[in-house]
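All of these numbers come straight from a predicted model, not from anything done at the bench. Residue numbering restarts at 1 for every chain, and letters A, B, ... go by the order of the sequence lines.
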Amino acid sequence: MIDIGKYDHIELEQKWQKHMPKSENKNGRFSVVIPPPNVTGSLHMGHALNITLQDIICRWQLMNGKDVMWVPGFDHAGIATQYVVEKKLQSEGKNRLEIGKGEFLKAVWEWVPVSRESIKSQLLSLGAVVKWDMERFTMDEGLSRAVRRAFKILYKEGLIYRSNYMISWCPNDLTALSDLEVEHEEQPSELYYIRYNLEGEDGYIVVATTRPETLLGDVAVAVHPQDERYKNLVGKTLKLPLVSWERLSESGKPVSYKIPLIADERIKPEFGTGAVKITPAHDALDFEIALSHGLEKVNVMDEHAVMNQNAGPFKGLERYEARKRIISELKTLGLLEKIEPHKSAIGRCYRCKTVIEPRVSSQWFLKVTDPRIKEKAIQMVTSGRIKFIPQGWSKLYLQWMENLRDWCISRQIWWGHKIPVWHCNSCGHINVFDDEDFDRVYDKIIFNLIADGKISQDFTPEEVEKILKSPSFTAPELTVLEFYKKFAFYKYHSLDMDANSLRLFISQDLNPTAILTEKKNRYRYNPKTKTYRFILRCQHCNSEDLIQEEDVLDTWFSSALWPFSVFGWPEDTKALKDFYPTDLLVTGFDIIFFWVARMIMMGSYFTNEAPFRDVYIHALIRDEKGQKMSKTKGNVIDPLEVIKDYGADALRFTLAILTQQGRDLKLSTKSFEGYRHFINKLWNAGRFIMMNVDKDLLSKAIYSSAPGKEDLWISSKLNKTAEIVNKSLENYEFSQAARALYEFVWSDFCDWYIELVKVRLKSFTQDNQPTPENISAQLSLLSIFEKTLRLLHPFIPFVTSELWQYLPSSYQDITKAGYYHKDPSGIFPEAEREIEELIGLISSIRALRADLKIPPSSKVNLFYLKNSLSHLFGEFEAQIKTLAKIESIELSQARPPSSGAGYFKDQEFFIPLPENSSPEELISGYERRLLELSKTIESLNQKLSNQEFLSKAPEEEVEKAKNILEDSKNEALRLQRLIKSIR
RNA sequence: GGGCGAUUAGCUCAGGGGUAGAGCGCCAUCCUCACAAGAUGGAGGUCAGAGGUUCAAGUCCUCUAUCGCCCACCA
C-alpha cells in the first residue's frame with residue numbers, strides 16, 4: 001500500500017525516454033523503414049502523427065513477440081535543404097554564389113547535424129522504438145554508393161538517358177524540376193489576340209496566346225489541318241510581328257522572322273482563333289510540334305527568365321516586363337486585335353513559388369515509362385502484393401502510374417548526390433563509374449571517397465587516413481572505414497587502411513615492374529604537390545581527360561532506394577535477407593507519387609520484390625480551421641510544445657484517436673487537453689490501486705474468496721476490449737482501438753468497477769486482516785489493471801511503463817509481458833447481464849435523486865417493491881448504498897406515502913419526498929419520456945401491422961420489435977400511473 | 001477538363017441496412033477519503049436536399065447543392 005503521488009508527465013517521460021525495449025525473435029520478424037525526415041529543421045505535427053502510428057504498430061508487434069526492426073534515418077532533401085542553408089547564410093549577410101560551391105557545401109554539412117540532432121531528440125521524446133544502431137542518412141557512405149550502383153545499372157540497361165528536352169525550369173533556383181515539383185494553380189490571366197500579317201500579300205491571321213512575350217521565339221504558326229478557315233492558307237509565310245532581326249536557334253542556325261503556317265492534328269480549332277503560334281523553346285506542346293515538323297528552336301530567355309540577345313531590343317528585360325512592352329508596341333502597330341480574360345493553370349516551383357519557365361535543356365531522365373519499370377510496379381499493386389490502406393489510394397496510384405511520363409532526375413543545384421558520370425573530353429563518351437569498376441578494395445574505397453567529394457582526385461594518403469579514421473557522420477560511434485565495412489565491405493573482415501598501408505599499396509602499384517605486368521596503373525605521383533592522382537580512364541578511348549558531371553540527382557532518387565539501401569543493398573547482406581521486403585510503410589498521401597510510387601518502381605526493379613507489404617496512408621494535419629499549418633501563417637503547433645505542456649503520451653493518444661481515414665486531421669491545442677485528462681485518469685486509477693493493494697498480496701492469495709460478480713463482469717469487458725483493440729490494430733484502425741480503450745478505462749473500469757469494488761476493499765477482519773472478499777477484489781483489480789496497461793502500452797508507452805513498475809509482475813519490462821489478447825474463458829455472460837442491471841438500477845436511483853433535487857451530500861432511505869430485480873437490493877446492498885448515497889434499503893409492501901417514485905425496467909423504488917420539495921422536475925422528465933415512448937409505440941405498431949414486414953423480415957427482427965413494443969407499452973403505463981400518483 | 005473525398009448535436013468526429021453515439025462545450029448539483037485534469041444528473045439531432053432500391057435507409061444506388069483536395073502540355 002503506497003501512494004505514488006500525482007501524475008507528472010515531465011519527469012516520468014524523461015526517465016523512460018532512454019529506455020529502449022529489446023525485441024526477441026520468438027514470433028518472426030517485423031520491419032519498417034521510417035520515412036526519413038528532411039534535415040531542414042525539426043519535426044512538425046505531421047511527423048509526430050507519422051511516428052506515433054508507426055510506433056504503435058511496432059510496439060504492438062514487439063509485444064507480440066516479433067523481432068521488430070524499425071530503421072531510423074534522415075533525408076538530405078536536396079533543394080529543400082539547400083534553400084534552408086541559403087536563407088541562413090543570407091541572414092548572416094552571405095551569399096551562396098559569392099562563397100562558392102565548396103564553402104557552401106561545407107556550410108550544409110555543418111547544418112545537417114544541427115537539424116539531425118534536433119529531430120533525433122524529438123523522436124526520443126515521442127518514444128519511438130527505432131533501432132538507432134541502424135540509423136542511416138541518404139548521403140552517407142553506403143547510400144551514396146547504392147545510388148551510384150543504381151544509376152549505373154539503370155544506365156547500362158538503357159533506362160537512364162540524357163536528352164535535350166523540354167523541362168520545367170525554376171528561374172529563381174536555377175534548376176530543372178520534375179513534373180511533380182511543379183504546382184499548378186488556376187488563376188485569371190489574359191488571352192491576347194495578335195495579328196500576324198501574311199508575307200508578300202495582303203491578309204493576316206490572328207493568333208491567340210497567353211504569353212505574348214514568347215512571340216519573339218516563334219518559328220511557325222499552326223492550325224488544324226481540317227480547319228476550313230485556314231485550309232487554303234496552310235503553307236504560306238507569315239511575318240512575325242515586331243521582329244526584324246535574325247535570331248539564332250539552339251543549334252546556332254539563323255532563323256528568319258518569316259515563318260511558315262503549318263498544319264498539325266494537335267491543334268484544337270475551338271480554342272481562341274484556332275491558330276497557334278509555335279514557340280518550341282518555351283512551350284512543351286510547341287516543342288513536340290516543332291520536332292515533328294523539323295522546326296528550329298529559338299530560345300529568347302536566359303536561365304533567369306530574362307530576355308536574351310534573340311529578343312533584340314527587348315534584351316535584358318524580365319519576362320513580364322517584356323510582355324508589357326510587347327503588348328504596348330503591338331497596340332501601337334495596330335496588331336493587337338483584342339484582349340480577353342482567361343483563366344489558366346500556371347505552374348510554380350513547389351519550393352520558392354516562382355513561376356516555372358518551360359525550357360529546353362540537357363537533362364537526365366529515368367525512363368519510368370519503360371515496361372520493365374512501369375509494368376512491374378503496376379503489377380505489384382494490382383496483384384495485391386502491395387496493399388494500400390485505406391484501399392482507395394491504390395486507385396490513385398494506378399491512375400498515376402498509367403499516365404507516367406519520364407522522370408527528370410537531374411538538378412542544377414549543389415547539395416545532393418553528384419551524378420556518377422564522367423564525360424570524356426576526347427571522344428565524348430559518357431562513362432558511368434561505381435566502385436564495381438575497380439577490383440581492389442583500396443581502389444574501391446578511394447573511388448568512393450572521390451565520388452562523394454570527400455577527397456579530390458588528387459590526394460595524399462594522410463588525407464585518406466584522416467577521413468577513414470574520423471567518426472562516421474551517420475554513426476559517430478563508428479569510423480568512416482568501419483561504417484564502410486558494416487554496410488559495403490563487410491566481406492573484407494581484416495580491412496584496415498591507413499596512410500602507411502595506402503602508401504605501400506600505391507607504391508606497389510607505381511612499381512615499374514607492375515606496369516609491365518598490369519595493363520595500366522591506377523595511381524600517379526605528382527612530386528610537385530606531393531599528391532597521388534587516382535586515374536580514371538575513358539572506357540571508350542582510354543583518355544584520362546575526363547570531367548565529372550556537375551548536376552546532382554533529384555533527392556527522390558535516393559529516397560526511392562531507401563527500403564533496401566538501408567539494409568546494405570547492393571551487397572547481399574544478412575540484414576537485407578532478414579528484413580527486406582519490409583512489412584509496413586506509413587506515410588501521408590501527399591508523397592504517394594513522390595516517394596511511394598518510386599519506391600515501388602525501384603524496389604521491384606532492383607530486388608524483384610515489393611519494398612513493403614502494407615502502405616498505410618494517414619491524414620494530413622491541419623489547424624482548427626482546416627488550414628495548412630505553416631510558419632508564415634503562424635498557426636503551427638509544435639509537437640515539442642505539446643509534449644512539454646501535455647506530455648508525449650497525451651500527444652500520442654490524441655493523434656491516435658483522432659486519426660481517421662480521411663484526408664485532413666484538424667487539430668488545436670484543446671484537442672490534447674481532453675486526452676491528457678485521460679492519462680491523468682489512468683494514473684489516478686493506478687494510484688488508487690497501489691493505495692489499496694496489500695504489499696504481501698500474493699502470499700495471501702490462497703485465502704482469497706471466489707471472484708465477485710463485478711470481477712467477472714469487468715473481466716468480460718476487458719476481454720471484449722482486447723478483442724476490439726487487436727482486431728483494430730490488425731486493420732490499422734487506430735482510432736477505433738484507442739476509443740475502445742478510452743471507454744473501457746474510463747467508463748467501465750474507473751466509473752463502475754473501482755467504485756463497486758471499493759466496498760470489498762474496505763472489508764477487514766477484527767484483527768485488521770483483509771477478508772477473503774477483500775483479497776479477491778485486490779487480486780482482480782491487479783489482474784485487470786495489469787492487462788489494461790499492456791493493452792494501452794503501444795499508445796501511451798511512458799505512463800504505462802511507469803505504472804507497470806509498481807505492479808508485482810514477474811516481468812520487469814512491460815514489453816516483455818506480451819500484448820494481451822482476448823481469453824474466451826474470461827468472458828461471463830451471466831455476470832455481465834447482472835452487473836449491467838445493477839448499473840442500470842443505480843443510475844435510475846441517482847436520476848430520481850437528482851430529479852427530486854436531493855443534494856449529493858444527503859443520504860436518503862430507499863424503499864422497493866418485490867419484483868424480478870429485487871434480489872439486486874439484497875445482493876448488492878452495500879454497493880447500492882455507497883454508489884447511490886442511500887442510508888437504508890427496505891422492502892416495502894406498498895408505496896410509502898409522499899414519496900418520489902423511480903424505476904428501472906420493472907423494478908419500482910421510492911424515496912421519501914424531502915420537505916418543501918416539488919416534484920416538477922420529476923414529472924416533466926417523465927412526461928418527456930412518455931412522449932418519446934408514444935412515438936416509439938406508434939411506429940412499432942405501424943411496423944408490426946405491416947404484413948410485408950412480418951413476412952419478409954427475419955424472425956428475430958420481428959421478435960425484437962414485439963419485445964420493444966411490449967416493454968414500451970408497459971413502461972408507458974407505469975409512467976402514466978406514476979405521474980398521476982405524484983400529482 | 002478529368003478524378004477523389006466530405007456534409008450526423010453549438011464544435012470535432014464515430015457509426016457502412018433493424019428506430020441516433022462519443023469527446024469537448026452548455027445547464028444543474030457537489031471540493032464524497034484515486035482523480036475539480038474530478039463526480040452525478042440533464043438539455044441538445046426530420047443524419048445537406050431530391051429521387052430510387054428494400055418489409056426496413058445516416059447506412060446501398062442516382063442526381064443536385066455546398067465545401068475541400070488531387071491530377072492535367074487547351075496555347
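- With a glycosidic angle no further than 90° from 0, B:G16 counts as syn.
- Of the candidates B:A34, B:A72, B:G18, the closest approach to any side-chain atom of A:H184 belongs to B:A72.
- Between A:K6 and B:C35, a side-chain N or O to OP1/OP2 separation shorter than 4.0 Å is absent.
- The side chain of A:M691 lies closest to B:A34 when the candidates are B:A34, B:C73, B:A75.
- Rounded to whole Å, the distance from CD1 on A:I854 to C1' on B:G41 is 12 Å.
- At a cut-off of 3.5 angstrom, the base of B:A14 holds no donor-acceptor pair with the side chain of A:E733.
- Per the geometry, CZ belonging to A:R359 stands 19 Å off C1' belonging to B:C73, to the nearest Å.
- The listed nucleotides are B:G18, B:G23, B:C70; the one nearest the side chain of A:K943 is B:G18.
- Between A:W400 and B:G2 there is no side-chain N or O to OP1 or OP2 distance below 4.0 Å.
- Counting heavy-atom neighbours within 6.0 Å of A:Q399 CD, excluding the residue itself, gives a total above 12.
- Between A:K666 and B:C13, a side-chain N or O to OP1/OP2 separation shorter than 4.0 Å is present.
- A perpendicular orientation is assigned to the rings of A:Y742 and A:Y675, their planes being inclined by more than 60° (bins at 30° and 60°).
- Base orientation of B:G49: anti, the glycosidic angle falling outside 90° of 0.
- At B:A39, one or more side-chain N or O atoms of A:K681 fall inside 4.0 Å of OP1 or OP2 (strictly under the cut-off).
- In the set B:G38, B:U40, B:C71, the nucleotide with an atom closest to the side chain of A:F593 is B:C71.
- Contact annotation: A:R622 does not reach the phosphate of B:G68 (side-chain N/O to OP1 or OP2, under 4.0 Å).
- Side-chain atoms of A:S939 come within donor-acceptor range of the base of B:U19, with a qualifying N/O pair under 3.5 Å.
- Applying the Watson-Crick and G-U wobble criteria (two distances, each under 3.5 Å), B:G1 pairs with B:C71.
- Checking B:G3, B:U40, B:C74 against every side-chain atom of A:Q399, the shortest atom distance belongs to B:G3.
- With C1' as the reference atom, B:C47 and B:C13 are 13 Å apart, rounded to whole Å.
- Between A:H224 and A:E265, the shortest heavy-atom contact is CD2-O, 3.3 Å.
- Comparing B:A75, B:A37, B:A34 against the side chain of A:Y7 picks out B:A37 as the nearest.
- Rounded to a whole Å, the CG atom of A:L682 is 11 Å from the C1' atom of B:C35.
- Contact annotation: A:H677 side-chain N/O to B:G38 OP1/OP2 distance is under 4.0 Å.
- A 6.0 Å sphere centred on CD of A:E270 holds more than 12 heavy atoms belonging to other residues, nucleotides or ligands.
- One atom, CD1 of A:I346, and another, P of B:C74, lie 13 Å apart when rounded to the nearest Å.
- OP1 or OP2 of B:C73 sits under 4.0 Å from a side-chain N or O of A:R405.
- Comparing the C1' positions of B:G21 and B:U59 gives a spacing of 14 Å, expressed to the nearest Å.
- Across the protein-nucleic acid pair, A:L883 atom CG and B:G41 atom P stand 10 Å apart, rounded to whole Å.
- For A:Y742, the listed nucleotide lying nearest its side chain is B:G23; candidates were B:A72, B:G23, B:U32.
- Of the listed residues (A:K935, A:R928, A:R929), just one forms a salt bridge (Lys or Arg N to Asp or Glu O under 4.0 Å) with A:E932, and that residue is A:R929.
- The nucleotide whose nearest atom lies closest to any side-chain atom of A:R928 is, among B:G42, B:G18, B:A75, B:G42.
- Note: CG (A:L396) to C1' (B:G2) measures 13 Å, nearest angstrom.
- Between A:W746 atom CH2 and B:A37 atom P there is a gap of 11 Å when expressed in whole angstrom units.
- A gap of 28 Å separates the P atoms of B:C74 and B:A6, to the nearest Å.
- Taking atom CZ of residue A:R849 and atom C1' of nucleotide B:U40, one finds them 9 Å apart after rounding to whole Å.
- The aromatic rings of A:W393 and A:F589 lie parallel to each other, with less than 30° between the two planes, well short of the 60° mark.
- Ranking B:G18, B:G41, B:G23 by closeness to the A:Y675 side chain, first place goes to B:G23.
- Atom name C1', nucleotides B:G41 and B:G52: the rounded distance is 44 Å, in whole Å.
- Nearest to the side-chain atoms of A:R676 among the listed nucleotides B:G41, B:A37, B:G68 stands B:A37.
- No more than 12 heavy-atom neighbours from other residues, nucleotides or ligands sit within 6.0 angstrom of CD on A:E11.
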